> 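Starting off with a structure, shown below.
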Number of protein chains: 2
Amino acid sequence: MQLPEAKQKFIETWGKLGSEWGINRTMAQVHALLLVTPDALTTEQVMEELSISRGNANMTLRDLIGWGLVEKQLRPGERKEYFYADKDIWNIARQVAKERRKRELEPVLKTLEELIQVKGDKNDPEFKTFHKSMTDINKMSKNADRMLDTMLQADESWFWGSIFKMFK
Amino acid sequence: MQLPEAKQKFIETWGKLGSEWGINRTMAQVHALLLVTPDALTTEQVMEELSISRGNANMTLRDLIGWGLVEKQLRPGERKEYFYADKDIWNIARQVAKERRKRELEPVLKTLEELIQVKGDKNDPEFKTFHKSMTDINKMSKNADRMLDTMLQADESWFWGSIFKMFK
DNA sequence: ATAAACTTTCAAAAAGTTTTGAAAGTTTAA
DNA sequence: TTAAACTTTCAAAACTTTTTGAAAGTTTAT
């Protein structure tokens with residue numbers, strides 16, 4: 001397999017993976033393209049490489065910036081904006097975990113707290129089952145939340161730091 | 001808030017969460033319904049409670065069985081099939097992690113192995129960036145894979161067992 | 001102030017996904 | 001074997017999400 005074909009395949013794979021995990025396919029593809037490109041690209045180049053429209057490229061790049069995965073670069077003497085992706089995969093994973101925690105885990109935790117407060121007849125199996133499920137899910141989500149929090153600070157954490165080293 | 005309303009809200013929340021994570025909304029909703037229902041339900045009851053069609057209910061229940069989240073129960077002397085969801089949230093999480101690992105992580109690892117083999121000019125920045133990204137992503141995915149594997153066996157593992165207890 | 005270079009917006013269209021429901025299939029009891 | 005009870009299938013319809021592209025907006029240089 002040659003480089004251009006391999007790039008194509010990676011972009012396709014990354015896009016598919018993204019969409020399976022609730023990330024827009026094009027966004028994952030643009031990210032993949034930037035990941036295998038040594039230097040920053042313009043909107044124009046992204047449009048060209050992936051055959052997507054200007055509007056789509058622009059929106060997707062803005063989203064990627066919102067996720068903290070891509071940065072805008074300005075070059076002295078040029079009007080065009082260049083887009084560059086951080087290539088450190090550990091930073092990428094942290095960034096994604098951080099965003100999803102904020103965007104998805106937090107709202108669910110809020111709803112669960114509310115649902116746990118619902119009062120009912122302690123002898124009603126319906127109520128008992130409901131209440132137990134809510135309590136259990138809440139507990140586990142809170143744990144996941146705390147765990148993520150700890151892991152996201154792994155740089156500074158002796159404990160997780162040493163655990164991750166085990167997997168290097 | 002009263003129980004029926006609370007159930008409704010939970011079903012809605014769980015469905016939304018599911019779709020944000022690449023799981024079909026209805027599937028997540030049916031699962032949520034079964035999670036807050038003490039006993040097994042028939043296809044008919046699921047259709048009724050969620051106002052969905054027979055075909056949809058049937059397919060969704062089959063999918064849930066495929067994910068290992070729901071079991072079919074047969075009652076002596078009855079023709080109908082009953083569906084019951086395991087309510088142990090830790091089992092649920094493990095099951096989902098296990099399935100997604102198999103369905104998504106494994107194929108990506110396979111593709112990455114292939115892309116890492118691609119040969120090229122070691123002085124070409126294009127090639128260098130591509131190769132480094134592939135190697136890094138592969139490393140991290142393999143780690144995630146091994147970590148999941150370890151965690152999925154936590155029951156039998158002294159090490160992770162004791163780590164999880166910290167978060168109880 | 002003007003025009004060129006570039007970015008952003010958004011309504012409409014296309015693409016993709018999910019749902020429906022009627023028909024076909026299967027199993028069981030008598 | 002037949003009919004009733006139940007389950008499964010799948011093409012078409014409904015719905016959701018994504019993409020397009022032309023128009024509007026912004027910035028910069030002269």
Side-chain angles (χ1 to χ4, degrees), chain A residues 11-34 40-67 70-84 100 103-104, chain B residues 11-34 40-67 70-84 100 103-104:
Chain A
I11 289 169
E12 193 190 309
T13 305
W14 207 237
K16 201 175 134 223
L17 188 67
S19 70
E20 278 162 351
W21 285 88
I23 285 154
N24 167 330
R25 207 181 73 244
T26 305
M27 186 167 141
Q29 286 180 340
V30 171
H31 187 225
L33 171 63
L34 293 175
L41 297 180
T42 62
T43 304
E44 211 76 32
Q45 288 173 301
V46 170
M47 288 165 59
E48 165 86 6
E49 292 272 354
L50 301 178
S51 313
I52 61 175
S53 72
R54 182 173 302 284
N56 195 6
N58 173 67
M59 277 200 161
T60 300
L61 285 166
R62 265 201 296 120
D63 280 358
L64 281 168
I65 291 171
W67 276 75
V70 163
E71 64 175 65
K72 213 185 246 191
Q73 287 182 348
L74 294 174
R75 298 188 180 179
E78 275 198 84
R79 289 278 265 313
K80 265 190 292 252
E81 294 173 329
Y82 287 79
F83 299 93
Y84 179 81
R100 298 205 78 152
R103 297 180 192 202
E104 290 146 26
Chain B
I11 290 169
E12 192 187 297
T13 305
W14 207 236
K16 200 175 136 226
L17 188 67
S19 70
E20 278 160 346
W21 285 88
I23 285 155
N24 166 331
R25 206 180 75 245
T26 305
M27 187 168 139
Q29 286 180 339
V30 171
H31 187 225
L33 171 63
L34 292 175
L41 296 181
T42 61
T43 304
E44 210 78 30
Q45 289 173 301
V46 170
M47 289 165 59
E48 164 88 4
E49 291 273 353
L50 301 179
S51 314
I52 62 175
S53 72
R54 181 173 301 284
N56 196 6
N58 174 66
M59 277 200 160
T60 300
L61 285 166
R62 265 202 296 121
D63 280 358
L64 282 167
I65 290 171
W67 276 76
V70 163
E71 64 174 67
K72 214 185 245 190
Q73 286 182 349
L74 294 174
R75 298 190 179 178
E78 274 198 84
R79 291 278 264 316
K80 265 189 293 246
E81 294 174 329
Y82 287 79
F83 299 91
Y84 179 81
R100 298 205 79 152
R103 296 179 192 204
E104 290 146 26

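These numbers were taken from a predicted model, which means no experiment stands behind them. Chain letters run A, B, ... following the sequence lines, proteins first, then strands; residues in each count from 1.
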> In whole angstrom, what separates A:Gln45's CD from C:dC6's C1'?
15 Å
> Which nucleotide in the list D:dC6, D:dT20, C:dT8 gets nearest to the side chain of A:Ser53?
D:dT20
> For the backbone of B:Thr42 and the side chain of B:Gln45, can you confirm whether one donor and one acceptor N or O come within less than 3.5 Å of each other?
yes
> Write down the partner of D:dT30 under the Watson-Crick or G-U wobble criteria, each distance required to be under 3.5 Å.
C:dA1
> Would you say a side-chain N or O of A:Asn24 is under 4.0 Å from OP1 or OP2 of D:dT19?
yes
> Just compare C:dT8, D:dT27, D:dT7 and give me whichever is closest to any side-chain atom of A:Glu81.
C:dT8
> Tell me the interatomic distance from A:Phe83, atom CZ, to C:dC6, atom P, rounded to whole angstroms.
13 Å
> For DNA chain D, whose closest nucleotide is more 5', that of A:Met27 or that of A:Gly77?
A:Met27
> When the distance from CG of B:Asp63 to P of C:dT17 is rounded to whole Å, what number comes out?
15 Å
> Is A:Glu44 salt-bridged to A:Arg54, cutoff N-O under 4.0 Å?
yes
> Using the six-membered ring of A:Trp67, assess whether NZ or CZ of A:Arg103 lies under 6.0 Å from its centre and within 45 degrees of the ring axis.
yes
> For A:Glu44 and C:dT7, give me the distance from atom CD to atom P, rounded to whole Å.
8 Å
> Given atom CE of A:Met47 and atom P of C:dT8, what is their separation to the nearest angstrom?
13 Å
> For B:Gln29 and C:dT18, what is the distance between atoms CD and C1' respectively, to the nearest whole Å?
12 Å
> So, do A:Tyr82 and A:Arg75 sit near enough that their side-chain heavy atoms are less than 4.5 Å apart?
yes
> Does the structure show a Watson-Crick or G-U wobble partner for D:dA23, both distances under 3.5 Å? Name it, or say none.
C:dT8
> Counting side-chain heavy atoms from C-beta on, which of D:dT7, C:dT18, C:dT9 comes nearest to B:Thr26?
C:dT18
> Mind calculating the distance between CD1 (A:Ile52) and C1' (C:dA13) to the nearest angstrom?
17 Å
> For C:dT7 and A:Asn58 - does any side-chain N or O of the residue sit under 4.0 Å from the phosphate oxygens OP1/OP2?
no
> Would you find a donor on one side and an acceptor on the other, under 3.5 Å apart, between the side chain of A:Ser19 and the backbone of A:Lys16?
yes
> A cation-pi test, strictly: NZ or CZ of A:Arg100 under 6.0 Å from the centre of the six-membered ring of A:Trp21 and no more than 45 degrees from its axis. Yes or no?
no
> Name the residue closer to the 5' end of DNA chain D, choosing between B:Met59 and A:Gly55 according to the nucleotide with the nearest heavy atom.
B:Met59
> Nearest of D:dA5, D:dT19, D:dT7 to any side-chain atom of B:Arg54?
D:dT7
> Side chain of B:Arg25 only, heavy atoms from C-beta on: which candidate in D:dC6, C:dT19, D:dG21 is closest?
C:dT19
> Assign each of A:Thr43 and A:Ser19 to its nearest nucleotide of DNA chain C by heavy atoms, then name whichever residue's nucleotide is nearer the 5' end.
A:Thr43
> Nearest whole angstrom, please: distance from the P of C:dT18 to the CG of B:Leu50.
16 Å
> OP1, OP2 of C:dT20 versus side-chain N and O of B:Asn56: anything below 4.0 Å?
yes
> Quick one: is C:dT9 close enough that its OP1 or OP2 comes under 4.0 Å of any side-chain N or O from A:Arg62?
yes
